[in-house]
*Asks:* 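The structure that follows is given in the form of structure tokens.
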Amino acid sequence: MAKVEELSGENLYACYQCGKCAAGCLFADHMDLLPNQVLRLVQLSDESVLSSRAPWVCASCLACEVRCPKGVDIAKVMEALRLLVLRTGETGLRLWEIPSGVPQIALVGATRKHTP
Ligand code: SF4
Ligand code: SF4
């Protein structure tokens, strides 16, 4: 998916599916696709990845980048996918579904995901 490569600046084909990113992702349990699966679909230019929840759940914590033997920054790939979805006028995040009482920083982070 050339657009994701352009927006993220990452070499998507460096990933060889070792799975270390998914193993270390604290948010993987809440994702419909694991970080390495997101990478694989992007490599295959499978547009179904654009309807995945995973990029919206990703907290950009960079734990995956630290673990990746190939230095792939998945947070940037997730951001690129969010941007592509936002540019279609859609969003994978609904602010009114966020429960009350969540930490303020979580709200700030969620709002930033709405900024194309
Ligand atoms: S850790 Fe890196 S090389 Fe391994 S699956 Fe994840 S992105 Fe691919
Ligand atoms: S940056 Fe996103 S995908 Fe990577 S470990 Fe953190 S939450 Fe998971």
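Order of appearance sets the numbers: ligands from 1, and atoms from 1 within every ligand.
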*Asks:* Can you report which non-hydrogen protein atom sits closest to atom 8 (Fe) of ligand 2, along with the distance?
*Replies:* Cys25 SG, 2.3 Å

*Asks:* To check you understand the geometry: which heavy-atom pair defines the closest contact between Val85 and Leu50, and what is its length?
*Replies:* CG2-O, 3.3 Å

*Asks:* Where's the contact between Ala28 and ligand 2, heavy-atom distance under 4.0 Å: side chain, backbone, both or neither?
*Replies:* neither

*Asks:* Just to be sure I read this right, does ligand 2 sit under 4.0 Å from the backbone of Val57, its side chain, both, or neither, counting only heavy atoms?
*Replies:* neither

*Asks:* Which pair of non-hydrogen atoms, one from Lys20 and one from Arg67, has the smallest distance, and what is that distance?
*Replies:* O-NE, 2.8 Å

*Asks:* Run the numbers on Ser48 and Leu41 for side-chain contact (heavy atoms from CB on, under 4.5 Å), then give the verdict.
*Replies:* CA-CA 8 Å; Ser48 69; Leu41 289 180; 4.0 Å; yes

*Asks:* What are the two closest non-hydrogen atoms of Met1 and Leu12, and how far apart are they?
*Replies:* O-CD1, 3.9 Å

*Asks:* Looking only at side chains, do Arg40 and Gln37 share a donor and an acceptor under 3.5 Å apart?
*Replies:* no

*Asks:* To check your reading of the model: name the closest protein heavy atom to atom 3 (S) of ligand 2, its residue, and the distance in Å.
*Replies:* Pro35 CG, 3.7 Å

*Asks:* Quick check on contacts: which atoms of ligand 2 are under 4.0 angstrom from a heavy atom of Phe27?
*Replies:* 7 (S)

*Asks:* Suppose I only count heavy atoms of Ser60 and a 4.0 Å limit; which atoms of ligand 2 are within that range?
*Replies:* 1 (S), 2 (Fe)

*Asks:* Closest approach of Cys64 and Cys21, non-hydrogen atoms and distance?
*Replies:* CB-CB, 3.6 Å

*Asks:* Should you measure from each heavy atom of Gly19, which atoms of ligand 1 turn up under 4.0 Å away?
*Replies:* 4 (Fe), 5 (S)

*Asks:* Using a 3.5 Å distance criterion without hydrogens, assess whether the side chain of Asp32 forms a donor-acceptor pair with backbone atoms of Arg53.
*Replies:* yes

*Asks:* Which ligand 2 atoms does Leu62 reach within 4.0 Å, using its non-hydrogen atoms?
*Replies:* 1 (S), 6 (Fe)

*Asks:* Can you find a pair of side-chain heavy atoms, one from Val42 and one from Glu10, that are under 4.5 Å apart?
*Replies:* no

*Asks:* Need the ligand 2 atom indices (1-based, order shown) with element for anything under 4.0 Å from a heavy-atom of Ala59.
*Replies:* 2 (Fe), 7 (S)

*Asks:* Is the closest basic N to carboxylate O distance between Glu79 and Lys76 below 4.0 Å?
*Replies:* no

*Asks:* Hey, does Gln17 sit under 4.0 Å from ligand 1 if you only count heavy atoms?
*Replies:* yes

*Asks:* Let me check your reading of the structure: within less than 2.8 Å of atom 2 (Fe) of ligand 2, is there an N/O/S atom from Cys58?
*Replies:* yes

*Asks:* Is any N, O or S atom of Cys68 under 2.8 Å away from atom 4 (Fe) of ligand 1?
*Replies:* no

*Asks:* So which heavy atom in the protein is nearest atom 4 (Fe) of ligand 2, and how far is it from that ligand atom?
*Replies:* Cys64 SG, 2.3 Å

*Asks:* If you have a sec, work out which protein heavy atom is nearest atom 6 (Fe) of ligand 2 and how many Å separate them, to one decimal?
*Replies:* Cys61 SG, 2.3 Å

*Asks:* From the options Asn36, Ile74, Val77, select the one whose nearest heavy atom is closest to atom 7 (S) of ligand 1.
*Replies:* Ile74

*Asks:* Quick check on the hydrophobic clustering: are Tyr13 and Val38 connected, directly or via other members, by side-chain heavy-atom contacts under 4.5 Å?
*Replies:* yes

